[in-house]
Amino acid sequence: MSLEILIRLFMVFLLPLELHPSSIRFIFTLISDSFGRTSDFTNSNAISYFFYLSTSGNAGFDASRIAEVKAWLISQFDSAGKDLPDFEYTPRSIAHLHKIVTLSQAKTQAATIVANDFRQKATEYRSQAARIREILEHVGLVQESLPSNVVSPAQVLANVANLLNIRDTELSSFLVAMADLSLRKTAVEEKRAKVQKESKELLDYTRKAIARLTYLKRTLAQLEDDVSPCEAQMEHWKTNLAIMDSKERQYLQQYSNYKAMLNRVGYSPEISHGVLVEMAEHRKDLEKKTKPILDTLRSYQDLPPDKALAALAIEDKKRQYAAAEKYLEDVLQSALDSNN
């Protein structure tokens, strides 16, 4: 394929990408360098033609563009044997259709160029085949005149050359093709080993995931079984919590009352447990010292405080004593009389 045809094909495929001009120029330069020469088509015609195709869709909404789009649509519908339907021409639809028209024309032109190139190559190949056949006829190596044991290996050799995609049957070409095939085989084996390793890792991960899923399912079932007892326990705790809440409020109220009482009696933080213990021991000592005195005083509690009253009390006690003695004598006498 010639350089110009290759560039035109690249233009067709690069058109929808909307690349920067510097990127386009760099790609075309690489293509020309790969052919070992610089073409005026690459530097001028191709780039200008590509810029025309890539920027033609950004022009304004004018009559020339509408006419071009109509003409293309009519030609396409005529080739299909149908009439062009009526539709509204808007700037957006015209711009979109013009891009399609431009791209279609570019692809059509590229396909035409490639088809002409293929026709030319086919003509060249046919003339070359006729010339080779003529040469073989002159030297007596026509296929019909060769024995079958020669034709079969030649066909096998040709099939192998076609399979290896080589242009001739030289040994060096076969060796290069076989080396390339070995490299591809090695790359495929490396890729296969990598894929097998990844598959093994994925299999291990899958097994671990399945084991983990089984454990989680078992844990979930256990938790579902524990729901009812836990709910009962939670209800019990909830009841106890309400009771504890009421007790807390009660204790806080008692604490407030005790605190107010301590404030009334003059309690201060300086009164510690040790001080209270010492005061209790001092109180016990005082009780021991005052107990005999209290006992003595209690014996005098029944006496009146005045002497005259005391004398009257003594006389009264004497009368009570005499009356008691007389009552006792009467009781004894009556008992004796009853016995007799």
Practice item. Give, for atom OG1 of Thr123 and atom CD of Gln128, the distance between the pair rounded to the nearest 0.5 Å. Key: 12.5 Å
Check your understanding: Taking atom CD1 of Ile66 and atom OG of Ser93, what is their separation to the nearest 0.5 Å?
Key -> 8.5 Å
Point to revise | Polar contact flag, side-chain donor to acceptor under 3.5 angstrom, Asn159-Gln155 | key: no
Exercise for review: Decide yes or no for Asn116 and Arg119: does some side-chain heavy atom of the first lie under 4.5 Å from some side-chain heavy atom of the second?
Suggested key: yes
Review point. In terms of hydrophobic clusters joined by side-chain contacts under 4.5 Å, are Met234 and Leu241 together?
Key: no
Exercise for review: Could you tell me whether the side chain of Glu235 reaches within less than 4.5 Å of the side chain of Glu231, counting heavy atoms only?
Suggested key: no
Exercise for review: Kindly compute the distance separating OH (Tyr251) from OG (Ser246), expressed to the nearest 0.5 Å.
Suggested key: 9.0 Å
Check your understanding: Can you list every side-chain hydrogen bond (donor to acceptor under 3.5 Å, both in side chains) pair that touches residues 206-219, not counting sequence neighbours?
Key -> none
Revision key, fill the gap. Shortest non-hydrogen pair, Ser173 vs Ile166, comes out as O-CG2, 3.9 Å
Check your understanding: From Met261 CE over to Gln254 CD, what is the distance, rounded to the nearest 0.5 angstrom?
Key -> 10.5 Å
**Study point:** In one Ile/Leu/Val/Met/Phe/Trp/Tyr side-chain cluster, 4.5 Å: Phe174, Val156
**Key:** yes
Which pairs of donor and acceptor atoms, one on a side chain in residues 180-203, lie under 3.5 Å apart (sequence neighbours left out)?
residue, atom, partner, partner atom, Å
Asp180, OD2, Arg184, NE, 3.1
Asp180, OD2, Arg184, NH2, 3.3
Ser182, OG, Met178, O, 2.9
Thr186, OG1, Ser182, O, 2.9
Ser199, OG, Val195, O, 2.7

Point to revise | Qualifying salt bridge (Lys or Arg N to Asp or Glu O under 4.0 Å) pairs, either residue in residues 237-249, two or more places apart | key: Asp245-Arg249
**Study point:** Interatomic distance, Leu103 atom CG to Thr108 atom OG1 [nearest 0.5 angstrom]
**Key:** 9.0 Å
Check your understanding: Should the pair Glu287-Lys291 be classified as a salt bridge under the 4.0 Å nitrogen-to-oxygen rule?
Key -> no
Check your understanding: Would you say Ile74 and Ile100 are hydrophobically clustered, going by side-chain heavy atoms of ILVMFWY under 4.5 Å?
Key -> yes
**Study point:** Rounded distance [0.5 Å steps], CD in Glu315 versus OH in Tyr321
**Key:** 15.0 Å
Check your understanding: Which pair of non-hydrogen atoms, one from Val101 and one from Glu68, has the smallest distance, and what is that distance?
Key -> CG1-OE2, 4.2 Å
Check your understanding: Just by modelled atom types, is the Ile113 backbone N or O under 3.5 Å from a matching donor or acceptor in the Asp117 side chain?
Key -> no
